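In listed order, ligands and their atoms are each counted from 1. Just so it is clear, the structure is predicted and the values come from calculations on it, not from any experiment. Computed from heavy atoms alone, side chains included, the values below leave out hydrogens, waters and symmetry copies.
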Amino acid sequence: MKNMTALITGAASGIGFGIAQSLAEKGASIIITDINEEAVLLAQQKLSDKGLSAIGIKLDVTNEQDVENLIKELAGCKVDILINNAGIQHVSRLEDFPMNMWQKIVDVLLTGPARTCKALLPQMRENGFGRIINIGSIHGLVASPFKSAYVAAKHGLIGFSKVIALETSDTDITINTICPAYVKTPLVEKQIKDQALQHGISEDDVINKIMLEPMPKKSFIDLEEINATVCFLASKQAKNMTGQALVLDGGWTVK
Ligand code: NAD
């Protein structure tokens with residue numbers, strides 16, 4: 001990863017921060033971005049304290065102005081790897097789902113990656129190289145109740161990526177979507193509480209009877225598994241893998 005620069009959205013927490021640290025440890029220069037400015041600076045500091053190369057920039061992927069400012073701030077700095085990771089969740093049956101929250105989820109999870117790709121593709125094209133990696137979800141392939149916006153957006157992300165794979169087939173740019181089952185991050189910790197309320201069951205039952213039940217392997221996905229997949233997809237050797245959904249689901253979807 002030496003001489004590579006990676007920009008990660010939603011990188012102040014969870015999976016995004018894990019990817020940032022892992023790519024930095026492999027020698028990449030990292031641009032940590034997140035809607036939460038304070039958390040961005042903290043995340044940057046954590047990597048800098050370890051002697052790793054990172055800068056932090058506030059970026060709300062739903063905000064056109066933020067994306068324009070990002071491109072200005074990056075002037076002269078080429079981005080080789082874009083990780084579309086920023087995410088939110090809301091758990092509710094559709095009848096009770098606030099429509100502004102529904103639209104926000106689609107904006108963050110689907111339109112957000114379209115905005116960042118649109119902004120960075122011209123310079124990737126100019127450099128003749130680019131690796132775009134979306135953090136999708138098992139919910140890009142299968143459904144669960146109470147997650148209509150999230151499931152719709154993650155399914156859409158896979159379709160979006162197939163189109164961009166075709167549009168970039170004339171150069172060494174690839175775009176792929178990693179689809180993990182549950183990973184223990186702040187987003188999931190909150191969901192355990194919300195699902196317990198929605199289903200009227202205990203938090204332990206949410207973990208065992210809802211989250212891990214569909215997975216033959218019955219375990220959360222580790223950050224290391226995602227990091228290793230990112231590392232392969234970002235490599236020069238993965239030049240012919242594009243438009244794909246890579247599934248890390250402990251056998252969920254083969255049943
Ligand atoms: P997380 O809550 O730990 O991190 C998400 C980050 O996104 C936060 O730092 C948050 O501030 C940031 N963010 C939210 N809205 C944003 C916006 N508008 N612009 C920029 N940043 C924004 O969650 P996580 O579990 O690490 O999730 C990361 C990605 O992984 C998400 O896309 C999520 O859907 C996906 N995912 C998570 C799991 C899981 O089980 N945790 C499973 C499959 C997929």
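Contact of the Leu121 side chain with the Ile132 side chain is registered, since non-hydrogen atoms from C-beta on lie closer than 4.5 Å. Side-chain atoms of Glu225 and Val183, non-hydrogen and from C-beta on, never get closer than 4.5 Å to each other. In this structure the side chain of Leu248 reaches within 4.5 angstrom of the side chain of Thr229, judged on heavy atoms.
Of all the listed residues (Ile15, Asn85, Ile32), Asn85 holds the heavy atom that lies closest to atom 29 (C) of ligand 1. Scanning Leu59, Thr9, Thr62 for the heavy atom closest to atom 20 (C) of ligand 1 points to Leu59.
The protein heavy atom nearest to atom 15 (N) of ligand 1 is Ile88 CG2, 3.8 Å. For atom 19 (N) of ligand 1, the nearest protein heavy atom (residue, atom name, distance) is Val61 N, 3.0 Å. Here the heavy atom of the protein found nearest to atom 33 (C) of ligand 1 is Tyr150 OH, 3.5 Å. If you check which protein heavy atom lies closest to atom 23 (O) of ligand 1, you get Leu187 CB, 3.2 Å. Among all protein heavy atoms, the one lying closest to atom 43 (C) of ligand 1 is Pro180 O, 3.4 Å. The protein atom (non-hydrogen) at minimum distance from atom 13 (N) of ligand 1 is Ile35 CG2, 3.8 Å. Among protein heavy atoms, the minimum distance from atom 24 (P) of ligand 1 is reached at Thr185 OG1, 3.5 Å. Considering only non-hydrogen protein atoms, atom 5 (C) of ligand 1 sits nearest to Gly87 O, 3.7 Å.
Within ligand 1, the atoms closer than 4.0 Å to a non-hydrogen atom of Gly136 are 35 (C), 36 (N), 43 (C), 44 (C), numbered from 1 in the order shown. Counting atoms of ligand 1 from 1 in the listed order, those under 4.0 Å from a heavy atom of Asp60 are 17 (C), 18 (N), 19 (N). Short contacts between ligand 1 and Gly14, defined as distances under 4.0 Å to a heavy atom of the residue, involve ligand atoms 3 (O), 26 (O). Remark: ligand 1 atoms within the under-4.0 Å shell around heavy atoms of Val188 are 39 (C), 40 (O), 41 (N). Counting the atoms of ligand 1 from 1 in the order shown, those under 4.0 Å from a heavy atom of Ala181 are 40 (O), 42 (C), 43 (C). Of all atoms in ligand 1, numbered sequentially from 1 with element shown, those under 4.0 Å from a heavy atom of Ala86 are 7 (O), 20 (C), 21 (N), 22 (C), 32 (O). Within the listing of ligand 1, atoms 18 (N) sit less than 4.0 angstrom from a heavy atom of Val108.
Where the criterion is an N or O separation shorter than 3.5 Å, residue side chain and backbone included, Ser13 meets it with respect to ligand 1. Residue contacts with ligand 1: Asp34 is placed with a nitrogen or oxygen under 3.5 Å of a nitrogen or oxygen of the ligand (distance criterion only).
Donor-acceptor pairing under 3.5 Å is lacking for the side chains of Asp204 and Ser202. Side-chain contact check for Thr9 and Thr33: no donor-acceptor pair (N or O, by modelled atom type) lies under 3.5 Å. No side-chain donor-acceptor contact under 3.5 Å links Lys26 and Gln21.
Of the residues Arg131, Arg125, Lys236, the one that meets the salt bridge (Lys or Arg N to Asp or Glu O under 4.0 Å) test with Asp172 is Arg131.
Looking at Cys179 against ligand 1, nothing comes within 4.0 Å, counting heavy atoms. In Phe220, neither the side chain nor the backbone holds a heavy atom less than 4.0 Å from any atom of ligand 1. With a 4.0 Å heavy-atom cut-off, ligand 1 is reached by the backbone of Ile135 and by its side chain too.
A salt bridge does not link Lys255 with Asp249: every distance from a Lys NZ or Arg NE/NH1/NH2 to an Asp or Glu carboxylate oxygen is 4.0 Å or more. Under a 4.0 Å N-O distance rule, the pair Arg115/Asp66 does not qualify as a salt bridge.
A heavy-atom separation below 4.0 Å is not found between Phe17 and ligand 1. Within the 4.0 Å heavy-atom shell around ligand 1 one finds Lys154. Not a single heavy atom of Ala39 sits under 4.0 Å from any atom of ligand 1. Using 4.0 Å as the threshold, Ala11 has no heavy atom nearer than that to any atom of ligand 1.
Applying the salt bridge (charged side-chain N to carboxylate O under 4.0 Å, His left out) test to residues at least two apart or on different chains, the pairs with a partner in residues 184-203 are Lys190-Asp194. Residue pairs satisfying the side-chain hydrogen bond (donor to acceptor under 3.5 Å, both in side chains) criterion with at least one member in residues 67-81, sequence neighbours excluded, are listed as follows: Gln65-Asn69, Lys78-Asp80.
In this structure, CD1 on Ile8 lies 6.5 Å from CD1 on Ile19, to the nearest 0.5 angstrom. Rounded to the nearest 0.5 angstrom, Leu109 CG and Asn84 CG are separated by 10.5 Å.
Here the two rings, on Phe97 and His90, have centers that are under 6.0 Å apart. Between Phe146 and His199, a ring centre-to-centre spacing shorter than 6.0 Å is recorded.
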